Every structure is written in structure tokens, then in C-alpha cells.
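As C-alpha cells, the structure follows; a few thoughts come after it.
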Amino acid sequence: MTTAPAGASLDASALRQRVADFVAEYDPETTDQRDFLAARFDAGLAWVHFPEGEGGLGAPRALQPVVDEEFERLGYTPVGREGLVIGLGMAAPTILAFGTPEQRARYLKPLYTGEEIWCQLFSEPGAGSDLAALGTRAVREGDAWTVSGQKVWTSLAHRARFAILVARTDPDVPKHKGITYFICDMSAEGVDVRALRQITGEAEFNEVYLNDVRIPDSQRLGGEGEGWRVAQTTLMNERVSIGGHPEPREGGLISLVSQLWRERPDLRTPGLHDQLLRLWVDAEAARLTKERLRQQLAIGQPGPEGSAAKYSFSRLNQEISGLELEMLGAEGMTYDDWTFRRPEGVEFTKRSPGFHYLRSKGNSIEGGTTEILRNIIAERVLGLPSEPRTDKDVAWKDLPK
Amino acid sequence: MTTAPAGASLDASALRQRVADFVAEYDPETTDQRDFLAARFDAGLAWVHFPEGEGGLGAPRALQPVVDEEFERLGYTPVGREGLVIGLGMAAPTILAFGTPEQRARYLKPLYTGEEIWCQLFSEPGAGSDLAALGTRAVREGDAWTVSGQKVWTSLAHRARFAILVARTDPDVPKHKGITYFICDMSAEGVDVRALRQITGEAEFNEVYLNDVRIPDSQRLGGEGEGWRVAQTTLMNERVSIGGHPEPREGGLISLVSQLWRERPDLRTPGLHDQLLRLWVDAEAARLTKERLRQQLAIGQPGPEGSAAKYSFSRLNQEISGLELEMLGAEGMTYDDWTFRRPEGVEFTKRSPGFHYLRSKGNSIEGGTTEILRNIIAERVLGLPSEPRTDKDVAWKDLPK
Amino acid sequence: MSEKRLDLLYSEVEEELRASVRSLLEDKSPPESVLARVEDDRITDTALWKELAEIGVAGLPVSEELGGAGASLRESAVVAEELGRGVAPVPFMGSAVLATTALLESGDAATQELEALAGGESTGTLVVGFARAPGSGFPEAVQENGGKLRGNVGGVVDALTADVLVVPAVGDSGPGLYVVPASEATVTPVVSLDLTRPLADVSLEGAAGRRVASGADAERALRHALVTGAALLSAEQLGVAQWALDATVDYAKTRTQFGRPIGSFQAVKHRLADLWISVSQARAVVRSAASAAATLREPGAGAEAAEAEINASLAQAFVSSVAVKAAEEALQLHGGIGFTWEHPLHLFLKRAKSDALALGTADRHRLALSGRVDLPAPSA
Amino acid sequence: MSEKRLDLLYSEVEEELRASVRSLLEDKSPPESVLARVEDDRITDTALWKELAEIGVAGLPVSEELGGAGASLRESAVVAEELGRGVAPVPFMGSAVLATTALLESGDAATQELEALAGGESTGTLVVGFARAPGSGFPEAVQENGGKLRGNVGGVVDALTADVLVVPAVGDSGPGLYVVPASEATVTPVVSLDLTRPLADVSLEGAAGRRVASGADAERALRHALVTGAALLSAEQLGVAQWALDATVDYAKTRTQFGRPIGSFQAVKHRLADLWISVSQARAVVRSAASAAATLREPGAGAEAAEAEINASLAQAFVSSVAVKAAEEALQLHGGIGFTWEHPLHLFLKRAKSDALALGTADRHRLALSGRVDLPAPSA
């Protein structure tokens, strides 16, 4: 491989050339995917905006889609990456922003190749929307911390090697100031992962009990008491994630219900027709909005519409799946399977309308409730004044719980 | 007329007998309505729950509908009373509760007979939902007060002889504590009534400018600084008012739109049909809810549903009139008359669909906004905790305006 | 448009009945125990049903001579509210509402069965799909020939535990209602969305049926059963909505986020206020539907049938969405905990949504109303 | 289902155009001045229109040879947004959109008129009711006989001030588009709900018309004019919604009740957040409709027509209710002051509601969509 030019001077065509050079060297037909990805990481083509040697080339972030699209065009898209969503989407940018050189060297590459799965130990039973109220305690003893508490809504915890974790290290200061951010080894003693069953019957998520889990101070990410700021980086990356690919008209749940309408003239009534058309229109509006945001991102001008996309997605899923059951009538009164299982992911197309209805109820809660998203839009986008706060200047230990 | 028994022992049949005796004595065919009503007042048949000599008999309040229905059954219902709604519904109960014997003797009878029309000087440009923030100043000088300020949304001010008025008498105490309640002579010098034009083109309401208006202290109602408590009585009576008559199915605006649907097959589409049926169902639900409340009142068990009836009414009016225009299409793009006029009242049936649409927008603002009604239901009915308040313990003069 | 002025209040007797049912359910079948039962193959709580029968719940509209309570459907509606409020897994709808009404309308031919149902010694159901709307016409899925019944009916409520099946069937002599011992039928459970109310497919392969009503009588009996079912289902839906509202208000008062109870946030307040208004309206609508349905069995009630059907359709058109909305808002405002299996909230959500499809969707009932109140559909 | 990927962003040129229009309107026609004009008999601000024409607004899609800007409909849409945002009382819709598109589609027969319209020397309109939906077929209200036109058309936009009328009429040789000097017609104002956009009835009693398109060409020209109108109307509606949102956010930041700005109350916040989301979505939908309409006039665009119609119907089905909702929420959140004549808010409410009926209601556009995207209505 030739010597790389400084990343900032890279443009799209130079990157396409690098991809072409790379795939000329590594034939995925004969290379194991993990080895292929390790080589891609080393070539700086994992995340082009990361520094050289850490998966990137120091190139503009907006150019990453060029690389992904080029690999895809050449037929080299990695598969089976669903379990890496937290590692790739949330842990990696946070480690990059706050990790020590040792931490970046240790974690980024196996995270990228898929060798190590990550999960997120953030939410607690008493700290959902109000994440900063978290009560999991971390007490320092010499070079290590002892952590105890309960986390919930942890997807992948049962498969994860590491977790990003926020814990309270100082209960005597206001809640946002006493939090520290750690990397937690999920195989450590005292980590107890239990399946958390949902209203659909299955368990996508876990509860994680931490019982005097020892975390070396070298696994602290960012300064002591700086955890809230570090977590903001993580969460911002959660909300920003929007696919690079245009979605086709009539994708997602509206497609299933539209197909049902087409195939089952016996289910049609004028009232259902009107409702279907309204939702079809709303779904198309949401799709175009996402497409517009994607076009903005592509020219490096992300808009605040990102915070709204998730909200529209959950509202539509809920209304469409509700209509689907109404349309089906008698058939809508049945369910496919209540068995307690651990699914690999959420695959709406393979499940029954009852599952669509129930599972979509979680969409407006997971990853930031609709209520919190509305607050964010009102305050950060529209600049409306915040409500009177009673919890900002009080020591965490004195807050009502 | 025979000597009246103590009011509390009166029952429905005794009251019916009194009405029968009364109409035997006064023939409305030959008696002027005002004289007839004056005699009815003197006979204690104006408001049976008021004390004897003040229009009543000291009977239970729940029996008033019996008297009204009996007069109506016998064909003796007074006419042209639309202008008395504030006097009868709000001023009278407040004067009864807080007035001196002199005030009760002076005001109640001409108020009842319709000789004197009343209006209400409460809202101000800067004090709408937050009535207690009002800034109209009353300064005492000897036996009288000098009042200055601006009031808005005053219906009937241009016809009224008297007003109930709240004004700030002490700006140095928290806002609820520095208010005093007065009876204002609308013919006094310094009272300047100006028509307030609405979005419909006409002016039902007024702005009233008070410029150093002199009000004798004898026209104070309740103690100095007690005005907020007195005003609560007034406002409670505003919200409670619910007609004694059952309403027929398909009354009000839904009737106009249903008739339009029946008479104009050319306007029908499946989508409009579904919307019309939904609103018809909602209107019938609201009607039955009011009917249930009426039945509760009749047995002396008023429910909290009263606060919701106005809300449902405004929401329905707005949605039905919006649909009416959609149904009409091209015809909905016209209006009957933008001329600046002073109407006698709001008569939906005589006006065009465009008027229905515009006028009903006021329904969710006048007499307590929808937002305030929701707060009331949440806090007083459901017992949800109030929001943190920053304006309760601060002197009025120091509040943000 | 004229209509009778119906009593929309609860009588003292009705409030007493409510109190006994509620206290029994709170004692023997709180939502947590219902949740614990739902993975059993036979969720239906027959022991609880026998206790409810002891306080008269199984035979409210049945005359006292036949061991019933001789009450009106208004009392049945109060019971339905409470059973909804407790998502009680008992065969009230199938046995005490649908089968009982159909048999009551069948005259004297079924007194023995009625007596057994009213006493709680046996339970029954009406063999129609639970989704069937009142105005759907007489079903032809089951055919009668020489007293033998053949056919399959899917999604029958309370059939799994029924002893007696009331089967609408069409034979040479036209429509008829037949009584069939459940042992003569094949009853296969289906996986139902509503965990607390099992549905089943009923298959008849030559089962011997005793005809209890024929022709127009059978048609009327079936229609009245379904109209009554729709009215009482709305009462159940009201109970579900009331539970969801109450549970959420309680939760909003105690759950703290950002240093204050979530119920002190104005957006939460306004949503709960809206819900309370809807539930209040649903109460009036349900009382109206129950009172109108009660007139169906008054002597010479022919003229009242239309009014009962209008009120039942109104109730289904209005209350279905209130119950669903209440359960959905409850889940959202409970946040994560409401999405877990371990919290009983999902039982109410599933009941609410399933009930919205039962005995005709709101959409079907709006269409039915349009014919009744002269708001005709556009001609195509 | 396949569709072209359209550019949904604003170009720099478009943003510059927006800035000039906005600045001109803020200077010459702020909402307060519009309000002051509305009781004139002739609300239309012809002086303002001439100034707008000077910056090219009157002839955006007209070629430069004819004195236009040679721009695409995407630019027209940006102008429509700004005119909506200012409820500007100018004949943009009638003259620069409907009449101009119809004449552009009529080939070379109307270059003189186009030139005059594009330069702002005269204004025109298309003589159809402003409520007419694109898919309503060719109107038969006006009949042509020997070059003479007879008939009445109600509710025509911008007709009161028009110099040139473009009249669809049916004669012996079938459908045709005719150019008629307004002086040959009787134009009678109607009282319109939208105070800032006068409608009028046009009566032709033997007026001499010059045919500029015939048969299928006339049908296509009319249909493209109405589809283009629907797409650009949605841009205007977006502008109305944006004004309502901005004005209300500003008001909520400064209006104090209960000791704090009303915008700090969570219920108000959430409603404004919802509105902002709707307006953002409307923006994407409007950009899509404008881009798709722009392809209508590309060479060989036959295949694009369906996509342009889908997008225009989508925009009308979606944005109409957003604009109405925005104006209604603005009024409610402004409280009493928003209900007064003296506050310009009502101009936007009336425009929003009237626009929702113009060029087909959302209901009609949903039905049109259902045919285009294979979601058929139930067969009766």
C-alpha cells in the first residue's frame, strides 16, 4: 500500500481508489470476514474520520458513506453485524473521544471486527428518562472501583464481552456532577445477567445486577465525576444514527398493511380505506423527511430533524399496527406465539400482526421516550425556556426518589 | 297568599302548588313581563334557594328546576333574557354570598326582572388565564376608590348598567392577596367602552378603559384584599351553569352538518362519511355525558364532569365546523358578511359555515381556556400534584409581566 | 330525532352489587394472580366463577324461578365493568351474556339449561366467532340435517370450558338455535391476543342438537344476544379504561423523575385530564347502552329494538377507542415498566385491543349507525 | 414501487431568491399592512406585484426569450412559501402559476400573453373554480360556438384584477383552451373566507376567445396547470404554517402568565414540538412535490407525469392539514389576542382553511392517490 496522504486532503474519489486497492488485495471469497475487517481497520477504512492507526484516516466524517457505498457496490458488505450496534454506534465514538491511547488500542479493533460484543449499562429502574438520577454506586478502593446496583433494558448483555457503564461516584454533589463513566468487563465476578421478558412474550432485553463488581481504574473513561458529559457523547451518537441508504416508498410496516389491503378485498371497508390512506400519506411524509435529512447530512449540514425521525417512526408503527388489527378483525384477535424466548433481533415481517402491535409500543419508550424527545425539540430546536428545575442544585442523596 | 312554611321543609309538590297559586293571581297575558317577574321575585319564586325577601324561599337549590319547569309547563317562561346571563348567572350568586343587606336589597330585584343589565370586568390584556395577575389599580381616598386600568372580553358592557369588577388594591403583597371586588356603575365618569372586533368581523365583546373612575366604598363586595376569594364564587357559578333541559339527540352544530349531509348527496364521499360518523358519535357521547350530569344534579349529586362539558363543547364545535367547510369545498371558500356590527348574541343557525368555523375558535378561549380546564381536572379531580410555582409568594409588583 | 330519556345513573342496588364483585375480585383474583395464571393451558378460573355465581353473577337477567336474580341488564353492565376492571378470567361474556340471552329469547324450550347456567353449575357459550357484529345476518357456517349439526366456527369465546353450546345453524326449515352438549363437539384452543380470555375453534361433525328456536324467533334471539353482548362488552371496556386511568394516575403521583412526581408535569397532566374526560363520556354512553338493552326484554319491546341497537353501536363505536387509548396511554406513561411482562398492564392492553375487535369493530358499528340515523353512505 | 430520487434541499440560488422576496415583503407588505388593506374593495396589491415582477417573480418558469427567468418550478415553490409566509395579496397563484402553466403548455400560440404576464405588465388567471381538483376531468361549464364563449364559472382566483383570462371550454371540436381579454367578461366579486385572496364569478356571454390549445393538448395543459397549482399551493401552505409556528414560538417566549413565559409550560412545549415536526415533514413533502412538478416540463416527461401527480396529491393530502393545524394552534396558544381582528393571525387562519379546500381537499387527494398507488377503494 502506498503512503497515505494527510486525511484532510482526501476526497471521495481518492477514497474510492483506496477501497478499490484494498479489495484488490483482500479477496473476501477466500478471506475470513473477521480477518478481512481487521485488515480494513488497519487500512483506515473502518471509520475514515478516526485517526490513523485507530481504524481511520483522519478524513472528513461525511466521507464515510462513500467508503461504505463503495464496499457495498463491490459486493463486500460485512454480514451478521446486528449484535454490534452498541459497540459500533455508541461505544466506539465515546472511546475515541474520551479513551486513553491504551484504551483505544485495546478496544477499538476487536469491537470493529465483531470479536467483542458490547452492551450499555445506563438505565435503571429509578432512572429512565431522568438518567442523571442513576443510583448504581461505584466506590474507589486504591486502583479499582467496586460497583453495585441494578441496570435495566440492556440489550445484548447476555452476549456481550464489555459494557459501557455509568455509575455514581459522589452522592454528595448535584446529580449531574457525581457520575463517572466506566468500561465494565461483563465476565467479571458479580455481574448477573437476567432475561427481562416483554409484553410480546419474549425477552430481547436484560436486567443486569452488579454485586460488588471490581473495575480497575484503568477502565474509567474520562475524569472522575465527568461521566455525564461522556454519556452525552454516547447518547448523541445513538440519536444521530440514520442509515446512509435511501428508503423505498412504502417501506416498513406500511408495506405489510398495504399488501394486506391489496391481497384481501374481503377486509376492505370505506372507513378502513380512509385510515389506510391517511397513514400511507403520513408514512410517505416521514420517509421523505428522513430522505431530506440524509441529503443534508451528505452535504455536511445535519438538521435538527434527526431528533424527530425516531418519534415519527414510533408513532407510525403504533398507528399502522393498530390499524392492521382492526382490518383483520377476527384474525386480529389471535397471536402467533407467547413462548418465552431470546430472539436475535426484531423482525417485524416474520411475526404476526399482534406482535407488530405489541412490539411497537416499545418504540416510543426505548432509546429516549417520546416525551423526552419533545422536550429536546422544544428547548434545543425551538429555544423555548426550560421549566423551573428543583433538582439541579441539590445533592443527589437529598433528591426525592 | 297563605303564609309560607319554612323553606327547608318545602318539597317539589309544595313548590308546584305555589307556582299554580301564583299564576292564578298574575295573568301574564295582561301583566307586563317585568311586573310579572317582580311579583315572582317577591313571591320567592325567582331563586328558591335564596332567602325569603331576596327572591327565594330558603328551599334546597335542587328544587329550582322544579319551579322553572312548572312555569314553563304552564306557558309562563320569560323571554328576551339573553342579556341577563352575567347578572343572573354570576353577579346574583356573588352578591348573595358576599353582599351587604343594602347591596342585596338594591341590586337583586332589578337584576332579576331585567331592568338592569350586568357585565363582568375581570380579564385584562396581561391577565387572561392568570386572572390573579390583574393590574387594574384601585386606590382608596376616604370613602371612595379611584380605579384605573383596562379590561377586555367584556360582553354586554355597551348595554350594561353595572359591572362586577376586580381590581388591585395592594401591589405589595402576593398577587392573590391584593385584589378587591367591586360593583362598578357603568354610567360613571371615566368608563370608556369600545367595541372589540373579532375574527368573525363583528364585535360581540368590548374593551373597557377605566380612567380614574370613582367607586364609593359602599360598592365594595367582600373585604379589602378578599377579591380573589369572592371571584372564585363568581367563576364557579360560570362553570357550573348547565341547562335544566335534556337536549335532544343531534342538537347544535352536528344537526346542521347532518342535515347538510342528508340534503346534499352531491357532497358525499366515503372519507367525509367516516369523519361525519365519528363526530356524530362524539357529539352523542357529549350529549349523554351532559344528560348524566343533569341527572346527577337533579338528585343533588353534581359530578366533576361539569368542568369537562365546556371543553367537549368547544372541541366538537371546532371539529364539526371544520368538517362542514371540507364538505362544502368551493362553497366553503366563501363567507356571508364581514361587516363590522354589534350582534345581539351568537346564533349559529343563522350564519354561514365560515362563521361557524371562525366563531367556534373562541369557544376554547372564552370563559376559561381549554388548557386551564385541563389543569383544573388534573389537579382538582385527579389530584395530581401541582407544578412548581414561582409566582405565589412574590409581591405582585415584582412579578415578571 | 326522538329517543327515550334513559336513566344514566347507578342505583344503590347496582352500587352494592359492584362492591361485592369488586371485593371478591380484589380478594381472590387481583391482577397479579391473573398474570400468574395466564400461562396455564386453562386460564379460565372456574373456582372464581363458582364464587361469583354464588353472589348471583351467573344469572342476573334470569328470572328468580329459574334460580336467577331477576335483575335487568343494567346490573349485568355493572358486573361487566368490574370484571373488565379486574381482567377477570371467567366465562361471563360467553355464558352469562351470550348463551343466556340467546336461551332467554328462546322461550321455555331451554329452562333446564338456563337454570344450570344461572346457578353456575355449568357454563355455556354461543357458537359464533367472537368478532361477529350484531348486524351480520344469520351465520351459515353450521348446517343442520335431521337434527345433526355439521360445521366449523372459529374464535368462539369461552368455548374451552363450556358445558353447553348454543349453536345457530341453518337447516331445511331455515335458521334455528340448537343446544348441544360440549362433549359432542371438538373444541380446539387458539392462541389469543387477549391472554385472559381464551378463544377456541368449535367443530361439529354430526353432533346431535336440540332445537330451541326456529325461523324469525331464532334470528331475533341471535340478534338480541349479539346486541346485548355489544352493550355489555362496552361496559367491560369501560372497566378496562377505568383501571388503566386509575393505575396511571396513581403511578404519576408516586413515580419521581427530575426531582418531582411525573404527574406534576403539565403535559402528563393534560393527557390524563383528556383521558378522564373520555372515560367520563364512556360511562354515560355505557349506561345509556345498558339501559336501552334492558328494554329489549320488556314486554312488547319491538319498538325499542332500534333504540337498543343504536345505543349498542354507539357504545361500541365510542368506548372501544377509549379503552384502547387508555391502555396505550397507561403503557406509555408507565414507561419501561409498563412494557415488561411482569407488570399486569399488558393484560389490560391486550384485553382492550381484543375487545375493540370483538362483536364488531368501531368501524362496522359506525356503518351500522349510519343506516339507523339516516346518514347514508355515498352511493358508489 | 419505484420512484425517482428527488433533490429535497434548497439550492443557494433558491435561498437568494427567498431572501429577496422576503425582504421585499417585510419592507412593503408586512402582515399589519395586509390587515389594513383587507377591507378595501380591491385587496389585491398591484403595486407590490409590479415590484415582485421586477425581481422576476411573475415569470419564473417562462423562458428568458419571453422575458421570464427560465427557472424551474422549484424556484416558484420557494416564492410561494414566502408569499404564504406573508399572506401577500398578489395574483401569483392565478397569474404566475395557473394561467402561466396553462399557456406554457399551449406551445407557441400564446407567447405574447406569456411575455406580458412574465413581465408583470398584465396579470391573468385560469377560469376554473379555485376548488377544482386536478383529476376532475375537463370542465364543461363554458361552451364554445364559432369562437364565442358562453358560460359561468364560480369562485375563480385572482379574476378581479386579471387582464387576461385563460378559459377551458368545450366546443364542437371538443375541449379547448381560449384566451379572452377580461374586458369581454363580467367579473363579479364573491365574499371570500380568505380575506387576502379575492375570488370572483366569471360570466361569459358570447365573449370572443382565441383558441390556444385543442383536444388532448388542451386537456393536458389544464391538467398540468392544476397539478402544478396543487404542488405550489402546498408550498404556500408550508409558508403559512411556518409563519404560524414562528409567531407562536416567539409569543410563547415572551407572554408571561403565572410568573413565567407560557413557552416554559410542558404542555405548550410538547404541542409546539409536535407542530415543528409536522412543519419539518411538510417541508420535505413540499420539496418533493415541487421537484416532481418541475419534471413535468422536461422534454419527454410523459413518464414523469404520474410521479408528479402522486407527489402533488401527497402534498395536498399532507400539508393542508399541517397548515390548518398550525394556524389553529397559533390562535389557541395566543389566547384572546389571537381571536381579535386587530391581530393579523386570523389572516393566516383564513388562508390556511381556504387553501385546504383549494385545488381539491385532502380527502379528494387521498382518493386520487389510492388509484395511483394501488390501494383500491372497496367495491360497493
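Only heavy atoms go into these numbers, but all of them, side chains included; no hydrogens, no water, no symmetry mates. We name chains A, B, ... by the order of the sequence lines, and we start the count at 1 in each one. Keep in mind that this is a model prediction, so the values were computed, not measured.
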In terms of heavy-atom proximity below 4.5 Å to chain A, should C:Leu195 be classed as side chain, backbone, both, or neither? side chain
For chain C, which of A:Ser129, A:Gly354, A:Gly329 has the most heavy-atom pairs under 4.5 Å? A:Ser129
Would you compute the distance between atom CG of C:Leu345 and atom NZ of A:Lys361 and round it to the nearest 0.5 angstrom? 11.5 Å
Side chain, backbone, both or neither: which part of C:Leu199 has an atom under 4.5 Å from a heavy atom of chain A? side chain
Proximal to chain A - members of residues 128-142 of chain C, heavy-atom separation under 4.5 Å: C:Phe130, C:Ala131
C:Phe265 and A:Glu387: side chain to side chain contact (heavy atoms under 4.5 Å, CB included), yes or no, with the steps? CA-CA 9 Å; C:Phe265 285 97; A:Glu387 292 196 80; 3.3 Å; yes
Which bit of C:Arg271 comes within less than 4.5 Å of chain A, counting heavy atoms only: side chain, backbone, both or neither? side chain
Quick one: does C:Asp363's side chain get under 4.5 Å of A:Thr269's, heavy atoms only? yes
Given C:Leu357 and A:Leu328, is the side chain to side chain contact (heavy atoms under 4.5 Å, CB included) satisfied, shown in steps? CA-CA 9 Å; C:Leu357 310 179; A:Leu328 286 166; over 6 Å; no
To the closest 0.5 Å, what do you measure between OH (A:Tyr357) and OG (C:Ser354)? 10.5 Å
Working to the nearest 0.5 Å, report the span between CZ of C:Phe339 and CH2 of A:Trp153. 6.0 Å
Which atoms of A:Leu196 are under 4.5 Å from chain C, going by heavy atoms: the side chain, the backbone, both sets, or neither? side chain
Region of A:Ser123 in contact with chain C, defined by heavy-atom distances below 4.5 Å: neither
Please classify the contact of C:Ala358 with chain A as side chain, backbone, both or neither, using a heavy-atom distance under 4.5 Å. both
Taking C:Ser192's backbone N and O only, do any of them form a donor-acceptor pair with A:Trp338's side chain (distance below 3.5 Å, no angle check)? yes
Under a 4.5 Å heavy-atom cutoff, which of A:Pro125, A:Pro270, A:Gly126 has the most pairs with chain C? A:Gly126
Answer yes when A:Glu326 and C:Arg364 have at least one side-chain N-carboxylate O distance shorter than 4.0 Å, and no when they do not. no
Once rounded to the nearest 0.5 Å, what's the spacing between atom CD1 of A:Ile199 and atom OG1 of C:Thr340? 9.0 Å
Portion of C:Val324 that has a non-hydrogen atom of chain A nearer than 4.5 angstrom: side chain
In residues 388-398 of chain A, which residues are in contact with chain C at a heavy-atom separation under 4.5 Å? A:Pro388, A:Arg389, A:Thr390, A:Asp391
Among C:Gly336, C:Gly335, C:Ala356, which residue has the highest count of heavy-atom pairs closer than 4.5 Å to chain A? C:Gly336
From CD1 (C:Ile337) to CD1 (A:Ile365), nearest 0.5 Å: 10.5 Å
For chain C, which residues from residues 317-325 of chain A have at least one heavy atom closer than 4.5 Å to it? A:Gly322, A:Leu325
Nearest heavy-atom pair of C:Leu193 and A:Gly332: which atoms, and what distance? CD2-O, 3.6 Å
Quick one: which residues of residues 253-264 of chain C reach chain A at under 4.5 angstrom, heavy atoms only? C:Arg255, C:Thr256, C:Gln257, C:Phe258, C:Gly259, C:Arg260
Residue part contacting chain C, namely of A:Gln275, when any heavy atom lies under 4.5 Å: side chain
Hey, are the side chains of A:Leu358 and C:Leu349 touching, using non-hydrogen atoms and a 4.5 Å cut-off? yes
Any idea which of C:Lys350, C:His346, C:Glu342 has the most non-hydrogen atom pairs under 4.5 angstrom with chain A? C:Lys350
Interface moiety of A:Ala330 toward chain C, non-hydrogen atoms closer than 4.5 Å: both
Engaged part of C:Arg366 at the chain A interface, taking heavy atoms whose separation is under 4.5 Å: side chain
Short side-chain to backbone donor-acceptor contact, C:Gln332 and A:Ser364, under 3.5 Å: yes
Select one option (side chain, backbone, both, neither) describing which atoms of A:Ala132 are under 4.5 Å from chain C's heavy atoms. neither
